[in-house]
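Some notes on the structure that comes next.
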Amino acid sequence: MANHILTTTLDVKKIREDFPVLGRQVRPGVPLIYLDSTATSQKPTSVIETMDRFYRNSNANIHRGIHVLAEEATAAYEEAREKVRRFLNAPSSRQVIFTRNTTEAINLVAYSWGLSQLKSGDIVLLTEMEHHSNLVPWYLLAERLGLRLEYVSVSDEGLLDVADFERKLELKPKLFAFTHMSNVVGTINPAKEMIAKAHQVGAITLLDGAQSVPHFRVDVRDLDVDFLAFSGHKMCGPTGIGVLYGKKDLLEQMPPFLGGGDMIKRVTLGSFKPNELPYKFEAGTPAIAEAIGLGAAIDYLSRIGMDAIAQHEHALVSYALDRLAEIPNLRIFGPSADKKGGVVSFVMDGVHAHDIAQVLDQSGVAIRAGHHCAMPLHEKFQIPATARASFYLYNTFDEIDHLVNAIYRVKDLFGV
Amino acid sequence: MANHILTTTLDVKKIREDFPVLGRQVRPGVPLIYLDSTATSQKPTSVIETMDRFYRNSNANIHRGIHVLAEEATAAYEEAREKVRRFLNAPSSRQVIFTRNTTEAINLVAYSWGLSQLKSGDIVLLTEMEHHSNLVPWYLLAERLGLRLEYVSVSDEGLLDVADFERKLELKPKLFAFTHMSNVVGTINPAKEMIAKAHQVGAITLLDGAQSVPHFRVDVRDLDVDFLAFSGHKMCGPTGIGVLYGKKDLLEQMPPFLGGGDMIKRVTLGSFKPNELPYKFEAGTPAIAEAIGLGAAIDYLSRIGMDAIAQHEHALVSYALDRLAEIPNLRIFGPSADKKGGVVSFVMDGVHAHDIAQVLDQSGVAIRAGHHCAMPLHEKFQIPATARASFYLYNTFDEIDHLVNAIYRVKDLFGV
Amino acid sequence: MDDFYRELIIDRYKNPQFRGVLDPADISFEDDNPLCGDHIHIDLRVGEDGIVREARFDGKGCAISQASADLLMEKIIGMHLDEVKQISKQDILDMLGIELGPVRLKCALLSLKVLKAGVYGLGEATDDLVEDE
Amino acid sequence: MDDFYRELIIDRYKNPQFRGVLDPADISFEDDNPLCGDHIHIDLRVGEDGIVREARFDGKGCAISQASADLLMEKIIGMHLDEVKQISKQDILDMLGIELGPVRLKCALLSLKVLKAGVYGLGEATDDLVEDE
Ligand SMILES: Cc1ncc(COP(=O)(O)O)c(C=O)c1O
Ligand SMILES: Cc1ncc(COP(=O)(O)O)c(C=O)c1O
């Protein structure tokens, strides 16, 4: 083992106590080592209990109710929106729209902004490292409207090709939609510079923040991004809640997406007048408890500090890359630690990623194996599946040692 | 007070202990009397604890994971789908699609089935008693495609006009979308007969089950309905989860709605192949804990028995109608108790519905006031707002007495 | 309960002092609270000096929205339009002397929203006008 | 751990006995498990009497999918097509002798799905074919 400087400013031992599931044994005597936070994060007690309390004390439908419960529920829901605003440094909480997840947020933009603003022949620029959530909505739209889709290519190292990006911008795309951080290779893209360049050619920008917002400070005003999408469940929050942030003028121009209660000002037989932002885009009873749970998650993350979290994950991934590099026949994808977040994907000669994950699971090590909803990137790398370990604020250097030891057991078992 | 037969087969005292919020005082010394279940129901401990346990023990992203947590989460999520299937007597759990709520379920049909199957000049038949959730999606679609919308008219009593329905069917609508039970006047529509008649003229039928599925037995095979939409939060389940049931051949023909992870079989740069049912319509990370919570709600309701619940609510609403009829200057909307579920809406001469609700709240009585997302019905009745009390399995005859007493206090205060 | 429905509110609701229509008027505007069907119409007569000379409201709705409109009309007579623009949410709450949840707040602020949209000469009354953001 | 990856599975994965291609073949079909990129191609030669004479699979993927395909080919040689249609999810699990979670189940059942789609002459392999509903 090389000589590593294992430093972090987080009190991880204490943090781990906040996450009940981390005390679990997956089988008698086999403690859980959860290295799958890129798929979904675990939840601290404060988030679980906030929702619990809501259901036990204040549960009611919101906005239209006059009784005490409805007022408490409305206030808590809108307070959660304000917490998101502050977390993103957004100008107004009206620009924070609650959706189910990143996927729905991107689809909202595709259906509402896309269907109304784009026309046949228009170019939408994506990248080869996108998650299916930031590909398929545009495929569906392209099919409907006759759009042309272009992709910024990805280097063997797993970085966006800057020269290719600039060439593609010359095509004058109407929209540039890209991921802030790859969920496969972990690459953190230089979003601010790319957004500025895209704006120079008149493109609207959409940032897939599913992997960035949970892991480091994302400031929508600093980025000057037009749309940002992310999911609560990947940032210590519950399932069933996500966010679309958008610039006010864009959101105001956009027609409604889903129709129903709450998104209207007035309805007669045959016509309606849409409500103001953000309600225009929140049709029907929203995920009330889940929004409140997301608010609690933001409180939790803010208390720990996003910069400290990012630093900790960086230390973990540096260590992991070093340790994994020692293992023969392991191929690691993605750039060096300084260009990425806490995600490591790899393959092993002669053993399918699924088998790696399965054998690791026997040691309590939970990783993910597959295409991670990024088939085109895997096609680019000419592999069907990778094994992926990913880290969050609650992971330790020790757990990475466990991962490495478990990988050696895979090699033994398969004789490779 | 008239002589009432106050009988119910439910052990309501015991049921109330299952709902923590019902023990609450809204102000010191003022216990909560929750008569707003039509907006959203309260949640039993078993539902709250099921979600709690999920987050503390088995939380993981589903479908693609190999480790123990992912397997447990996937099994629990799919088990919830099977519980819904059984509850509805649906042929296959593949026909059960999880959405956020009723509203999203109806929009899914409008965007996917509607956009692909309807064309300019086609008629969509609705009714005058629809919730905005079953109006606005069709307005948006009508605008896009040039559809013609027709409405079955509602009588002064709050019943659908059968003769008008038959006349409108002669127009050969392509779709008949209607509510199973009105959330304002409580009318339970004879869905089975209406669906059969609509089928005779070749219409596809969509039933808004937001108020029926929580309150009485709904059997999709018996009804022979093509689509059914409902929300978990109105049936003792969490917010953020709803269901679209559909006939298999229809769902299979329909193109995807939201694009993203999980709803695909294969993605390349520029094209994709949709996944099988039900995943084709579940893009991105679903509301996992919420689906599992809905499963627990179904277990709870089934244990009590839907027929017993319906009988109890019927007893409550009969009593409520009798008691409210005693109060001078109160105008009650909707049909007699035998034609409706547990909802009573009323107005009082000289006092706005909002003021009624506000003053009732001071006595701990939580009702709703407004248009209840059914503006056209209110327009029909030529009133801007009604006050609405609604009942569920946990309500008592006593609570109705409290309601009546509180209404007398409103009259005193306003001198009417 | 009686706390909430302060005598003032019930009184102004039942016996409004500034209900009516001004015809002609210098500034007129109207809007509703879509959540409850409250409707407020406001007419102002304003002097060359920008001082509000006369103010009337008309409409229907709950006690809070109607009493608040009545009190607001009383308050602005004699004010300069620039002062009217400065009236805040808190001013209305102080005027009513009660605490309000988020839904009733909309009722209470409807008349201010309508008033400001009229005074600013806007095409539409939006919630931004009455939020202390 | 070694429980799970029974010797049989690792052995059949590393030394498959029925890997290959039949050309010509009477029945051929292929499909993949989109969740992991597993791919299975199956060729059968079937006698006039409906008995499977020869069976080969080709493809790539995880140990479970490949071992399960190899064992399945062995099993069906000598079977009537009508019997092949009766092979159930449980038969595959018994054959492998291990317990499987929902994700790995798809790996294990891929070859059966492909086989059944081929035998039934379907255009597409669907999960319905291997579910005991
Ligand atoms: C009849 C009816 N339809 C639809 C809805 C909308 O339900 P949700 O807000 O859960 O989408 C409701 C709920 O208020 C309803 O009562
Ligand atoms: C980069 C990226 N984008 C989008 C998504 C989709 O997120 P969700 O499934 O929560 O919609 C994910 C999650 O896997 C992701 O990693």
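Just so we're on the same page: letters track the sequence lines, and every chain starts at 1. The basis for the numbers below is simple: all heavy atoms, side chains too, and nothing from hydrogens, waters or symmetry mates. Treat the numbers as computed from the prediction; the structure is a model and nothing was measured.
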Pick one of side chain, backbone, both or neither for B/Glu379, based on which atoms fall under 4.5 Å of a heavy atom in chain A. side chain

I want to check something: taking the side chain as every heavy atom from C-beta on, are A/Val26 and B/His67 in contact at a cut-off of under 4.5 Å? no

Anything under 30° is parallel, anything over 60° is perpendicular, the rest tilted; go ahead and classify A/Phe257 against B/Tyr111. tilted

Could you walk me through whether B/Val136 and A/Val267 pass the side chain to side chain contact (heavy atoms under 4.5 Å, CB included) check? CA-CA 8 Å; B/Val136 184; A/Val267 177; 4.1 Å; yes

Would you call B/Thr45 and A/Tyr55 a side-chain contact if the rule is heavy atoms closer than 4.5 Å? no

Are any non-hydrogen side-chain atoms of A/Arg56 and B/Lys43 less than 4.5 angstrom apart? no

Which atom pair, heavy atoms only, marks the closest approach of A/Glu290 to B/Pro238? OE2-CB, 4.4 Å

Side chain to side chain contact (heavy atoms under 4.5 Å, CB included) between B/Ile288 and A/His233, worked out: CA-CA 10 Å; B/Ile288 303 170; A/His233 69 92; over 6 Å; no

Sort A/Glu130 into side chain, backbone, both or neither according to what part of it lies under 4.5 angstrom from a heavy atom of chain B. neither

Chain A contact via B/Arg100 - which portion, at a heavy-atom distance below 4.5 Å: both

Is it the backbone or the side chain of B/Leu147 that comes under 4.5 Å from a heavy atom of chain A, or both, or neither? neither

I would like to know whether A/Met263 and B/Thr103 meet side chain to side chain contact (heavy atoms under 4.5 Å, CB included); could you show each step before the answer? CA-CA 11 Å; A/Met263 55 66 73; B/Thr103 304; over 6 Å; no

Do the side chains of A/Val21 and B/Leu69 get nearer than 4.5 Å, heavy atoms only? yes

Determine whether a donor-acceptor pair (N or O, by modelled atom type, separation under 3.5 Å) exists between the side chain of B/Thr239 and the backbone of A/Ala289. yes

For B/Ser41, is it the side chain, the backbone, both or neither that has a heavy atom under 4.5 Å from a heavy atom of chain A? backbone

Taking side chain as C-beta onward, heavy atoms only, is A/Phe272 less than 4.5 Å from B/Leu135? no

Chain B contact via A/Ser231 - which portion, at a heavy-atom distance below 4.5 Å: neither

Report the option among A/Thr40, A/Asn59, A/Val47 that has the most heavy-atom pairs separated by less than 4.5 Å from atoms of chain B. A/Asn59

